[in-house]
Protein chains: 2
Amino acid sequence: MIPNAGSTSADLHELAQRHHTAYRSVGAMVYGLLQEAILSGTLRPGQKLRQETLAEQIGVSRLPVRSALIQLESDGLVEFHDRRGATVRSISPDQAREVYRIRALLEVDALKQSMKRSSPERVKRLRELAKAADGQHEGPEFVEARTQFYAELYDAEHNPITWEMIEQLRLKMGRYVLGWRVVGGSHTHSHEDLVDAFASGDATKASALLRKHLAEVLKGVLSWLDAEATGTD
Amino acid sequence: MIPNAGSTSADLHELAQRHHTAYRSVGAMVYGLLQEAILSGTLRPGQKLRQETLAEQIGVSRLPVRSALIQLESDGLVEFHDRRGATVRSISPDQAREVYRIRALLEVDALKQSMKRSSPERVKRLRELAKAADGQHEGPEFVEARTQFYAELYDAEHNPITWEMIEQLRLKMGRYVLGWRVVGGSHTHSHEDLVDAFASGDATKASALLRKHLAEVLKGVLSWLDAEATGTD
DNA sequence: TTCTTGAATTCTGGATCCAGAATCCAATCT
DNA sequence: AGATTGGATTCTGGATCCAGAATTCAAGAA
């Protein structure tokens with residue numbers, strides 16, 4: 001049925017099954033599908049993304065694929081090469097360091113802002129979300145759980161633009177964080193620790209913990225980048 | 001020739017003339033054109049963007065228009081309403097304040113990083129760019145001159161991701177900054193002052209000046225937002 | 001044998017065409 | 001007279017088709 005059935009093709013097909021559930025538009029479906037494929041590593045950094053091949057594997061026309069690729073370019077997950085197609089964007093160690101430096105800036109600020117609006121209800125909700133996030137260690141459920149937790153932690157409701165920026169940066173690194181996690185990265189239940197610091201009301205302490213957490217993840221990502229560059233492939 | 005020739009249509013046509021100069025793709029041309037149209041106020045916040053009308057006015061098919069709109073959505077300049085088309089995105093005073101709070105964070109950090117790499121050559125180049133930026137007070141040349149100046153000031157070369165974030169935020173507010181400038185905002189040659197602070201090597205002083213500058217622009221933008229909400233229209 | 005050049009194939013980007021959903025208007029019923 | 005419902009029109013989103021550019025492969029010459 002499908003011309004070149006490699007392992008990538010098989011994986012994409014499996015993803016397509018789950019993503020066939022109610023989406024408002026085909027373009028949105030393809031976008032979500034490709035994003036997950038990149039984040040999960042099914043599509044590797046540097047890999048060429050031929051529109052027609054992707055369209056056939058997913059089972060749609062090339063047009064929604066194009067739309068999705070354009071969006072993914074804005075997200076920084078894929079790269080367009082003038083008239084030579086698109087590739088999965090890879091990241092350099094220097095860029096990873098830069099991302100985590102900016103994230104520290106934004107997230108520490110967001111956390112401080114958010115803690116000003118602390119309330120028993122929010123702490124309760126945070127505990128629940130933290131538990132859920134610490135329970136999931138892989139797959140799109142992990143991404144989703146973490147996202148919900150941080151949305152509450154940083155009060156996305158009241159700081160939509162800050163949240164948007166943070167999400168963007170998290171998305172850029174998502175592929176590497178996931179890879180590192182899977183091979184046995186930190187499972188130190190840091191989310192619940194963060195909630196404790198949040199609940200204590202001590203902004204300095206919470207900021208320090210957050211910084212430490214980010215530094216640890218950066219370390220993991222860097223080691224994963226190194227392993228990927230030398231090891232597999 | 002053109003069905004509904006309002007003032008918007010005429011303005012878009014004029015823009016199209018200048019944008020017919022060598023672009024690599026039609027989509028990129030439409031993107032640049034629409035971006036300028038939004039930033040210059042030819043397309044007003046809240047205005048409906050019908051794909052076919054735009055396509056006809058620019059003189060291309062609907063497809064590159066769609067591509068451009070998708071990109072502009074990611075830029076935060078337009079908003080998609082499920083199956084009901086796209087509109088020019090407007091911004092609330094609260095969001096404006098948020099943007100400038102984040103910009104202060106990012107830009108002060110970027111400036112400090114950049115000042116570590118200060119050199120006589122960079123200071124010289126900054127002075128030239130500042131002069132050029134202070135010489136232009138409107139239109140796309142003003143935007144371009146300012147962009148080049150800040151790219152050098154923040155050392156975009158060595159901090160590409162930080163620069164990307166800053167550019168994104170500047171773009172979000174561009175329409176309002178331009179509007180405010182045109183009606184007689186600050187022309188205090190602040191660019192050259194910034195270069196002086198940069199050259200002095202005093203990071204604290206430079207940061208304070210930058211913050212002050214951003215606060216002033218925010219004030220102008222807020223007043224412009226207020227005037228736009230109550231006055232014209 | 002290797003490098004260069006040209007032709008053929010392939011793939012992106014654009015245009016036209018088609019189907020489905022939403023809005024708007026009119027007609028009818030209360 | 002006003003409201004509600006049905007139909008017609010309009011506009012978005014998707015699919016197929018076409019043209020132009022780039023890469024690759026092969027053949028010929030150095």
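Model, not experiment: these values are computed from the prediction. What you see below is based on every heavy atom in this structure, not just the backbone, and it leaves out hydrogens, waters and symmetry mates. Naming convention: chains lettered A, B, ... in sequence-line order (proteins, then strands); numbering from 1 in each chain.
Side chains of A:Glu164 and A:Gln168: a donor-acceptor N/O pair is absent below 3.5 angstrom, by distance only.
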Can you tabulate the close N/O pairs, meaning under 3.5 Å, that link protein atoms to atoms of nucleotides 7-10 of chain D?
none

Got a list of protein N/O to nucleotides 23-25 of chain D N/O distances below 3.5 Å?
unit_1: D:dT23; atom_1: OP1; unit_2: A:Arg84; atom_2: NE; d: 3.2
unit_1: D:dT23; atom_1: OP1; unit_2: A:Arg84; atom_2: NH1; d: 3.4

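Distance check: A:Arg170 CZ to A:Leu106 CG gives 13.0 Å after rounding to the nearest 0.5 Å. B:Leu214 CG to B:Ile102 CD1: the interatomic distance, rounded to the nearest 0.5 Å, is 12.0 Å. Expressed to the nearest 0.5 Å, how far OG1 of A:Thr147 lies from CZ of A:Phe142 amounts to 9.0 Å.
Judged by atom type and distance alone, B:Arg66 does not reach the base of C:dG14 through any side-chain donor-acceptor pair under 3.5 Å. Residue B:Arg62 places a side-chain atom within donor-acceptor reach of the base of D:dG13, judged by atom type and a 3.5 Å distance cut-off alone.
The side-chain heavy atoms of B:Arg97 and B:Leu222, taken from C-beta on, include a pair separated by under 4.5 Å. In this structure, A:Arg101 and A:Leu218 have side chains that are not in contact, with every pair of non-hydrogen atoms separated by 4.5 Å or more.
Considering B:Gln35, B:Gln71, B:Lys172, B:Arg175 in turn, B:Gln35 is the only one that fulfils the side chain to side chain contact (heavy atoms under 4.5 Å, CB included) rule with B:Leu77.
When each of C:dA22, D:dA15, D:dA21 is scored by its nearest atom to the side-chain atoms of B:Arg83, the top-ranked nucleotide is C:dA22.
Between A:Arg24 atom CZ and C:dG20 atom C1' there is a gap of 17 Å when expressed in whole angstrom units. Between the OH atom of B:Tyr23 and the C1' atom of C:dT12 there is a distance of 20 Å, rounded to whole Å. Following rounding to the nearest Å, B:Phe80 (CZ) and D:dC11 (P) show an atom-to-atom distance of 16 Å. As a whole-Å value, the separation of B:Leu69 CG from D:dC11 P is 15 Å.
Regarding contacts with the backbone of C:dG13, a side-chain N or O of A:Gln51 is found under 4.0 angstrom from either OP1 or OP2.
Of the residues near DNA chain D, A:Asp82 and A:Ser67, the one whose nearest nucleotide (by heavy atom distance) lies more toward the 5' end is A:Ser67.
With sequence neighbours excluded, the residues that form a side-chain hydrogen bond (donor to acceptor under 3.5 Å, both in side chains) with A:Arg125 are A:Glu152.
Taking the six-membered ring where the residue is Trp, A:Phe149 and A:His191 present perpendicular rings, their angle passing 60° and hence far from 30°.
Here A:Ser25 lies in heavy-atom contact (under 4.0 Å) with sugar-phosphate atoms only.
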